[in-house]
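Here's the structure we're looking at; comments come further down.
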Amino acid sequence: MISVNLSHKHEYVLLKKWLKERGYEDNTLRPAQFSETGRGLMTTKALQAQELIISLPEKCLLTTDTVLSSYLGEYIIKWRPPISPLAALCTFLIAEKCACKEESLWKPYLDLLPETYTCPVCLEQETVNLFPEPLRRKALEQRRRVQELFVSSQPFFFSLQPLFSEDVASVFNYSSFRWAWCTVNTRTVYMKHAQGDCFSRESNTYALAPYLDLLNHNPAVQVKAAFNEKTKCYEIRTLSGCQKYKEVFICYGPHDNQRLLLEYGFVANSNPHSSVHVGTETLLKYILPEDKQRHTKLSILQENNFLDNLTFDWDGPSWRLLTALKLLCLEADQFTSWKKVLLGNVISKRNEKKSLDLATKICMSLTEETQHALQKISLLKSDCQHLASQLTLVEALRTEDLKILQMSAEILQHLHSTTI
């Protein structure tokens with residue numbers, strides 16, 4: 001992976017100076033531009049397993065405590081019903097970046113934040129329409145949640161008019177709010193805070209961590225990350241080590257690519273946690289209308305939480321998916337055995353075969369749908385240049401999906417031959 005050192009650039013020099021004033025000084029990590037991952041951090045020495053990657057003092061962290069101790073504090077304390085911790089952070093980011101600008105104490109950090117994001121809430125509807133069905137549904141839900149939070153926060157925004165010379169409606173517009181929401185959603189680390197009366201009861205676990213948030217995700221890397229109450233620093237320790245002059249990675253969690261795209265706006269190549277989700281709509285296509293017990297079967301699956309997280313993985317159809325299909329394939333005289341199916345028992349050779357046949361049909365259907373989506377993306381990339389980067393993102397997701405489905409088809413073929 002080719003890298004270009006960015007340490008000399010003015011904006012990074014200012015950030016390092018700003019961090020040093022707040023107690024953080026480190027000569028091991030360097031900001032760099034990498035050919036495969038974009039902006040990240042490179043180590044100037046070999047890091048051993050269990051070694052500390054970064055230790056960022058509490059003074060450097062942007063939390064709800066930061067917001068409360070600012071000019072917004074008195075407005076938040078007085079406001080009823082209380083705003084959420086998330087809304088408070090979004091308000092502060094907008095106020096500091098869009099209104100305070102040059103005067104902001106957080107300017108060196110704010111100047112290095114992305115201007116735009118690629119979370120689904122920021123993508124064009126044309127792009128979202130190309131998502132697999134379960135992800136498309138979640139993307140629309142994300143958009144609804146952000147819009148609802150924006151609308152519900154507007155009375156509070158208007159209360160802040162005395163703080164600004166310009167109209168608050170132009171400062172706290174939907175575009176700036178969406179940017180702030182994505183900043184918090186994609187860049188915060190987990191840090192528990194005391195639940196005060198000035199905020200709503202929603203979780204208050206956000207902390208924006210300047211410089212630390214330049215560390216990119218790699219699903220193969222293992223780290224230990226937490227706020228250290230003794231040192232009063234947010235610390236990340238590598239469990240796998242890193243070679244000198246290589247990019248230092250952290251792991252955001254064992255997320256599949258749909259989750260990574262939804263929450264962070266990117267996909268990871270060759271992600272071992274990747275999976276293709278089978279939505280309820282897809283399942284319904286394969287339930288025979290003449291099956292008199294179809295509604296009861298679906299109710300059983302729903303009540304036992306077997307309609308969610310049904311997937312094809314690198315190892316083929318998941319146990320949950322096969323179990324759900326076995327229940328759906330139960331014949332009338334076997335139906336009383338549905339509890340045994342959910343416990344993983346084999347009911348009959350015929351039921352095993354029928355469920356594998358159904359899994360194969362679903363796998364083939366999803367393969368065809370994925371191939372069709374990839375063809376559509378290819379055509380759109382040449383016709384809609386303004387969507388090129390968004391389409392490349394969905395193309396990466398769909399390409400990984402296709403590989404998983406092709407692998408699953410081979411595994412199902414093998415399972416067929418062993419159950420006949």
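Hydrogens, waters and symmetry mates play no part in the numbers below; they use all other heavy atoms, side chains included.
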With no hydrogens and no angle check, just 3.5 Å: does a side-chain donor-acceptor pair link Ser176 and Asn173?
yes
Mind checking whether Arg22 and Trp18 have side chains closer than 4.5 Å, heavy atoms only?
yes
Under a 3.5 Å distance rule, please check whether Thr127 uses its side chain to pair with a backbone N or O of Leu391 as donor and acceptor.
no
Around Glu148, counting heavy atoms of other residues, nucleotides and ligands shown, do more than 12 lie under 6.0 Å from its CD?
yes
Counting only heavy atoms not in Asp315, do more than 12 sit closer than 6.0 Å to its CG atom?
no
Pairwise ring-ring contact (aromatic ring centres under 6.0 Å, His included) hits with a residue in residues 127-154, at least two apart
Phe150-Tyr174, Phe150-Phe177
Are the side chains of Tyr109 and Tyr211 in contact, using a 4.5 Å heavy-atom criterion?
no
Can you find a pair of side-chain heavy atoms, one from Cys119 and one from Thr186, that are under 4.5 Å apart?
yes
Note: Val394 and Leu130 closest approach over all heavy atoms is CG1-O, 3.8 Å
For atom NE2 of His10, is the number of surrounding heavy atoms from other residues, nucleotides or ligands below 6.0 Å larger than 12?
no
Contact between Thr183 and Tyr117 at the side-chain level, heavy atoms closer than 4.5 Å - yes or no?
yes
Decide side-chain hydrogen bond (donor to acceptor under 3.5 Å, both in side chains) for Glu235 and Thr231; before the verdict, give the C-alpha distance in whole Å, the side-chain angles of both, and the deciding distance to 0.1 Å.
CA-CA 9 Å; Glu235 298 177 348; Thr231 62; 2.9 Å; yes
Tell me, please, which residues at least two apart from Lys297 pass salt bridge (charged side-chain N to carboxylate O under 4.0 Å, His left out).
Asp291
Can you name the one residue among Asn269, Asn257, Thr311, Asp401 that meets side-chain hydrogen bond (donor to acceptor under 3.5 Å, both in side chains) with Ser274?
Asn257
From Cys242 atom SG to Glu51 atom CD, the distance as rounded to the nearest 0.5 Å:
10.5 Å
Please step through salt bridge (charged side-chain N to carboxylate O under 4.0 Å, His left out) for the pair Glu281 and Lys285, ending with a clear verdict.
CA-CA 7 Å; Glu281 286 178 29; Lys285 289 179 196 171; over 6 Å; no
Listed by chain and number, what are the ring-ring contact (aromatic ring centres under 6.0 Å, His included) partners of Phe199, not counting sequence neighbours?
none
Would you indicate whether Asn345, at its atom CG, is surrounded by more than 12 heavy atoms from other residues, nucleotides or ligands within a distance under 6.0 Å?
yes
Does any non-hydrogen side-chain atom of Leu397 lie less than 4.5 Å from one of Leu135?
yes
Which heavy atom of Ala169 sits nearest to which heavy atom of Phe158, and what is that distance?
CB-CE2, 4.2 Å
Could you walk me through whether Asn271 and Glu400 pass the side-chain hydrogen bond (donor to acceptor under 3.5 Å, both in side chains) check?
CA-CA 8 Å; Asn271 183 353; Glu400 189 99 330; 5.9 Å; no
What's the shortest heavy-atom distance between Leu212 and Leu56, and which atoms?
CB-CD2, 4.1 Å
What's the spacing between Asn309 CG and Ser318 OG if we round to 0.5 Å?
7.0 Å
Could you check whether any side-chain heavy atom of Val171 comes within less than 4.5 Å of a side-chain heavy atom of Glu166, counting everything from C-beta outward?
yes
Does any non-hydrogen side-chain atom of Thr28 lie less than 4.5 Å from one of Leu47?
yes
Can you spot which of Phe157, Phe172, Tyr75, Tyr71 makes a ring pair (Phe, Tyr, Trp, His ring centres under 6.0 Å) with Phe164?
Phe172
Do the numbers put Arg320 on top of the ring of Phe306, so that NZ or CZ is under 6.0 Å from the six-membered ring centre and no more than 45° off the axis?
yes
Counting heavy atoms not belonging to Lys16, are there more than 12 under 6.0 Å from its NZ?
yes
Side chains of Glu133 and Thr282: is there a donor and an acceptor less than 3.5 Å apart?
no
Using the rule given for side-chain hydrogen bond (donor to acceptor under 3.5 Å, both in side chains), can you reason through Gln125 versus Arg143, listing the C-alpha separation, both sets of side-chain angles and the distance that settles it, and then say yes or no?
CA-CA 11 Å; Gln125 190 57 48; Arg143 188 172 293 178; 2.6 Å; yes
Approximate separation, where rounding is to 0.5 Å, of Lys59 NZ and Leu19 CG
13.0 Å
Can you confirm whether Trp179 sits close enough to Leu93 that some side-chain heavy atom of one is under 4.5 Å from a side-chain heavy atom of the other?
yes
Please report the interatomic distance CG(Asp313) to NE2(His277), rounded to the nearest 0.5 Å.
8.5 Å
Is any NZ, NE, NH1 or NH2 atom of the basic residue among Glu369 and Arg398 found under 4.0 Å from an Asp or Glu carboxylate oxygen of the other?
yes
Measure across Glu96 and Trp106 and return the closest heavy-atom pair with its distance rounded to 0.1 Å.
OE1-CD1, 4.0 Å
How close do Asp308 and Asn305 get, heavy atom to heavy atom, and via which atoms?
OD2-OD1, 3.4 Å
In this structure, are over 12 heavy atoms from other groups packed under 6.0 Å from Gln222 atom CD?
no
Start with the C-alpha distance between Glu395 and Lys381, add both sets of side-chain angles, then the distance that settles salt bridge (charged side-chain N to carboxylate O under 4.0 Å, His left out), and finish with yes or no.
CA-CA 10 Å; Glu395 187 176 45; Lys381 278 177 91 174; 2.7 Å; yes
His217: what forms a ring-ring contact (aromatic ring centres under 6.0 Å, His included) with it, not counting sequence neighbours?
Tyr252, Phe266
Nearest 0.5 Å, please: how far is CG in Leu358 from SG in Cys363?
11.5 Å
Among residues at least two apart in sequence or on other chains, which ones pass ring-ring contact (aromatic ring centres under 6.0 Å, His included) with Trp79?
Phe156
So OG of Ser55 and CD1 of Ile236: to nearest 0.5 Å the spacing works out to 10.0 Å
Pair Tyr286-Ser365, side-chain hydrogen bond (donor to acceptor under 3.5 Å, both in side chains): steps then yes or no
CA-CA 11 Å; Tyr286 295 94; Ser365 172; 3.2 Å; yes
If the condition is salt bridge (charged side-chain N to carboxylate O under 4.0 Å, His left out), which residues does Lys361 pass it with, not counting sequence neighbours?
none
Are there over 12 heavy-atom neighbours, none belonging to Gln243, within less than 6.0 Å of that residue's CD?
no
